[in-house]
Amino acid sequence: MKSHVRVAVIGGGVVGCSVLYHLTKYGWTDVVLIERSELTSGSTWHAAGGFHTLNADPNIAALQGYTIGLYEELEEISGQSCGLHHVGGLTIADSPERMDYLKAERAKHRHMGLDTRIVGPAEIAEISPITNTDGLLGALYDPLDGHLDPSGTTHAYAKAARVQGAEIVLRNRVLALNARGDGTWEVVTEQGTIVAENVVNAAGLWAREVGEMAGVFHPLHPMEHQYLVTDDIPEVYEREAELPHVIDPGGENYLRQEGRGLVIGFYEQACAPWAVDGTAWDFGHELLPDNLDRIGDSLEEAYHRYPVLERAGIKRIINGPFTFSPDGNPLVGPVPGRPGYWAACAVMAGFSQGGGVGKTLAEWMIEGEPSSDVFAMDVARFGDWCTRPYARVKVTENYQRRFAISYPNEELPAARPLHTTPAYGIWKAGRAVFGSAYGMEQVNYFAPEGAELYEIPSFRRSNAHGPVAEECRAVREAVGINEIHNFGKYEVTGPDAEVWLNRIMANRMPAEGRIALTPMLSPRGKLIGDLTVAKLGPERFQVTASYAAQAYHMRWFQAHLPDRGVALRNVSLERIGFQIAGPKARELLGRVTRSDVSTAALPFLGVRELEIGLVPAIVNRISYTGDLGYELYVEARHQVALYHALVEAGADLGLRPFGMRAMMSLRLEKSFGSWLREYKPDYTPAETGLDRFVSFQKNDFIGRPAAVAEKETGPERRLCTFVVEADDADVWADEPIWKDGEVVGFVTSGGYAHYVQKSVALGFLPVAMIEEGVRVEIEILGERRPATLIAEPLFDPKGERMRG
Ligand SMILES: Cc1cc2nc3c(=O)[nH]c(=O)nc-3n(C[C@H](O)[C@H](O)[C@H](O)COP(=O)(O)OP(=O)(O)OC[C@H]3O[C@@H](n4cnc5c(N)ncnc54)[C@H](O)[C@@H]3O)c2cc1C
């Protein structure tokens, strides 16, 4: 074993081997994989080997498509068979809601280039004659679905990596990880110590334990999972062609052919978290005891859906553990606060996702950033607030919901409330319906007396529609109040604060007392932030951004922070408050302070430190509603006092609280984009219109050369706003945009703009097609709806309200 390497990958399951392979594929050969036992000794050896492309996140679905396409390349390089069976697969629907879901998925696939299609019951019976189609409305057919040999595939990755120069050390447990002063890691193993510039935790079932060695808790948990292998079944082996996969989400099972019989696996409600207190180091190539009682109900359903099962004996029951993250997607990437330490764990579908995880991690490490937005699997989408019990509870919820319909307006109940602000009780008493982001409760809307205190999950307009319309009206016609705890907030101070901010932000930093909106760019000129910077003093700035991007942004900030001259603090939890917005916002503010808040004293994009009611506040004159508005930031202990001051002063002005649903509706009327919808690392400033906030005169900022190059050539596509002739369903995201019978673009987000009473979509079109009034069609739940491109925002196009 070498004494020094560029990368040490810990774990020889399918994920570690894929990471190793991809590092060599992109040119790094000074890499070693260290495996405790033999390859495949964790979850990998007992997997059912199924693969598919379906994933709620389009980029992860695309990476799953990449994984499936990779296997032939691997077989070629390694000479090792992956045992591929490309048999196609059906996901069946037994309710109108599930049919809506499948249609929405199919629509996304159109612009992703995936060749899926919706089929009816007769075609289901033709494709999979063993499926009882009673009660089925249809299915999504994916020709890419299939299965493989888990062990053969893992060895194919490993052999291909070796052919390309990697080293693999077996029967050698990693015992400790020690960070060295120079940013490298000491990897202490049973066979000696290696110094590695980068360490990758691909330890699967032991990822929690390896994380602890680096001082990190990774929010993941192993769950038991069972599948059955049947005896030979004539209806199966007498067919000429192999049967396709069938996923029956209503029955919580998946089924495929295995030799002359079938394999059927279950995601049961009575599921069992495994190894709650940690995975034992001596857990080997072993299975867990069967527990047919847990899947008894699911089996009954399966007998109904696949009657041949009733006549088949069970040859083998496999019960094995594998790991999930709280939202079911992998944890990948550089771990915040631990330079040189990377995660590639919580991969619950190693044979659908392993290739994509390996590719992403290798690109990130070697090239500095992945080639597409991977926030949905970025380890930084969770904060260090995740505890073991939180992970266990959320993972259990996720396992139980593995085959549940994911509604776009749905808020999942487990492990809540976790984080609340002092105003939580006030909102609750006011019949707030809450959502949660990055652990924090936030009001979605307020339910009227007598209405349900929850939003009914739906692909169509929900029971929140009416109340949200009222909240929007209050903002546009009087004044609304809403919490601003759901911004990430950072205090940047010190003699070099401005120089540093100018280096990492694309816009010029504002003058004292002013605010600048600014994109933050990656070296390739991609959007990695959409931030607001307020200059409070010569060496003092407040930076605000998306709340859920805190760990993501802090990782970037810290990676670029100089050793001295700049102090950075994440003050997201300690600096909270409210925004007030609407035509009467200034009058309200004037009533709670003795300071001058006229436009002359506090203009649009101005910032002041004022006493509001009884407490000191930072007042940003800006509002995401696009109306006259102010954000009032105070210390958390002052929030309730601020609330009472505003509410008492605003009662006769028609002050009314509003939630996130109203806020997202109001911003649509202004064509304002939103982080991870319109603004994310897949897009650039020129594509999204954020180039108006890029200071090309500034000589030096990260991403400048790419932004300048793009300015010269011009982007190929641009973000546009459309008014959609919708029915009872609006767009959410990723719907295809059609023109003349072809898919020409896609939606980034949208919804119902209540005040102007129009259904709105934001999305990308090729530049050549963009013209005011252009007619397109946007596919919503399988139906193409006429839509018209508009060139100006629907509300206050000149921005007079905002600036007035
Ligand atoms: C019953 C069952 C059915 C499944 N069916 C499917 C399916 O059909 N399709 C699909 O895609 N997925 C399926 N899965 C999930 C799949 O098995 C996992 O996604 C995959 O195996 C995860 O691989 P991994 O490499 O992340 O982890 P693991 O396979 O757990 O590998 C981790 C490796 O790290 C090594 N290691 C740990 N700690 C150390 C250390 N300190 N030093 C050195 N080495 C260490 C371990 O020995 C192990 O070999 C199934 C899982 C189960 C249990």
Side-chain angles (χ1 to χ4, degrees), residues 408-411 421 423-424 426-428 430-437 440-449 451-456 458 460-487 546-547 577-585 588 622-632 643 646-647 650 653-675 677-678 721 726 730-732 749-762 793-796 801-802:
N409 66 337
E410 197 166 15
E411 299 286 349
T421 61
Y424 177 76
I426 297 173
W427 302 139
K428 207 166 165 59
R431 299 185 56 78
V433 177
F434 291 94
S436 146
M440 175 62 87
E441 293 296 308
Q442 57 185 27
V443 177
N444 279 345
Y445 70 101
F446 292 87
E449 286 297 335
E452 306 87 357
L453 255 178
Y454 58 92
E455 185 176 359
I456 299 167
S458 177
R460 295 164 195 274
R461 291 178 191 157
S462 77
N463 57 327
H465 195 73
V468 172
E470 290 306 308
E471 291 172 21
C472 291
R473 193 187 1 242
V475 173
R476 290 283 186 244
E477 295 181 358
V479 53
I481 179 168
N482 158 274
E483 258 194 285
I484 45 168
H485 61 313
N486 51 0
F487 287 138
S546 163
Y547 188 81
F578 302 98
Q579 70 160 315
I580 51 172
K584 296 188 180 162
L588 173 57
I622 190 169
S623 170
Y624 192 49
T625 62
D627 221 304
L628 169 65
Y630 305 84
E631 293 167 354
L632 315 173
Y643 175 80
L646 291 167
V647 166
L653 297 176
L655 178 69
R656 182 175 176 149
F658 67 102
M660 285 304 292
R661 295 271 187 268
M663 172 112 119
M664 294 312 271
S665 170
L666 294 165
R667 63 109 192 172
L668 289 175
E669 298 174 349
K670 294 289 295 176
S671 298
F672 286 168
S674 151
W675 178 245
R677 295 179 180 92
E678 286 67 42
T721 306
D730 305 297
V731 302
W732 280 91
S749 77
Y752 194 70
H754 286 273
Y755 192 67
V756 298
Q757 300 186 2
K758 289 193 161 54
S759 184
V760 173
L762 304 184
L794 289 161
F795 175 77
D796 188 22
R801 282 275 281 265
M802 204 162 66

Do Glu678 and Ser749 have side-chain N/O donor and acceptor atoms under 3.5 Å apart? yes
Heavy-atom distance under 4.5 Å between the side chains of Arg476 and Asp796, does that happen here? no
Minimal heavy-atom distance between Asp730 and Ser759, with the atoms involved, is OD1-OG, 2.7 Å
Test side chain to side chain donor-acceptor pair (under 3.5 Å) on Glu631 and Tyr624 and set out the steps. CA-CA 10 Å; Glu631 293 167 354; Tyr624 192 49; over 6 Å; no
Does NZ or CZ of Arg801 lie under 6.0 Å from the centre of the six-membered ring of Phe795, at an angle within 45° of the ring axis? no
If you apply the rule side chain to side chain contact (heavy atoms under 4.5 Å, CB included), what do you find for Tyr755 with Arg473, and how did you get there? CA-CA 6 Å; Tyr755 192 67; Arg473 193 187 1 242; 4.1 Å; yes
Residues forming a side-chain contact (heavy atoms from CB on, under 4.5 Å) with Ser623, sequence neighbours excluded: Gln579, Ala581, Thr625
Partners passing side-chain contact (heavy atoms from CB on, under 4.5 Å) against Arg431 (at least two apart in sequence or in another chain): Ala447, Glu449, Leu453
Contacts of His754 that satisfy ring-ring contact (aromatic ring centres under 6.0 Å, His included) - sequence neighbours left out: His465, Tyr752
My understanding is that only residues two or more places apart in sequence, or in another chain, count here; which of them pass side-chain contact (heavy atoms from CB on, under 4.5 Å) with Trp732? Pro408, Asn409, Glu735
Would you say the side chain of Met440 lies within less than 4.5 Å of the side chain of Glu483, judging by non-hydrogen atoms? no
Go through the steps to decide whether Lys584 and Leu655 satisfy the test side chain to side chain contact (heavy atoms under 4.5 Å, CB included), and finish with yes or no. CA-CA 9 Å; Lys584 296 188 180 162; Leu655 178 69; over 6 Å; no
Of all the heavy-atom pairs spanning Pro657 and Glu471, show the shortest one and how long it is. O-CG, 3.8 Å
Val756 backbone acceptor or donor facing Glu669 side chain under 3.5 Å: yes
Spatial distance of atom CD (Glu455) from atom CD (Glu411) [nearest 0.5 Å]: 8.0 Å
Rounded to the nearest 0.5 Å, what separation is found between the OG1 atom of Thr721 and the NZ atom of Lys758? 13.5 Å
In terms of the angle between their ring planes, are Tyr643 and Trp427 parallel, tilted or perpendicular, with boundaries placed at 30° and 60°? perpendicular
Tell me, do Phe434 and Val443 make a side-chain contact under 4.5 Å, heavy atoms counted? yes
At what distance, to the nearest 0.5 angstrom, does SG of Cys472 lie from CD of Glu477? 11.0 Å
From Asp627 atom CG to Lys670 atom NZ, the distance as rounded to the nearest 0.5 Å: 8.5 Å
Interatomic distance, CG@Leu653 vs CG@Leu588, rounded to 0.5 Å, equals 6.0 Å
I'd like to check the side-chain contact (heavy atoms from CB on, under 4.5 Å) partners of Tyr454; sequence neighbours left out, ordered by chain and number. Glu452, Ile456
Nearest 0.5 Å, please: how far is OG in Ser436 from CG in Asn444? 9.5 Å
Do you know which two heavy atoms are closest between Pro793 and Ser671, and how far apart they sit? CA-OG, 4.1 Å
Decide, yes or no, whether a salt bridge links Glu441 with Lys428 under the criterion of side-chain N to carboxylate O below 4.0 Å. no
Would you call the rings of His485 and Tyr547 parallel, tilted or perpendicular, taking 30° and 60° as the class edges? tilted
Minimum heavy-atom distance Asn463-Tyr445, with the two atoms named: ND2-OH, 3.8 Å
Would you name the heavy atoms of Phe658 and Val475 that are closest together and state the gap between them? CD2-CG2, 3.6 Å
Might you point out which heavy atoms bring Leu646 and Phe578 nearest each other, and give the distance in Å? CD1-CD1, 4.2 Å
Sequence neighbours excluded, the answer for salt bridge (charged side-chain N to carboxylate O under 4.0 Å, His left out) partners of Arg656 is none
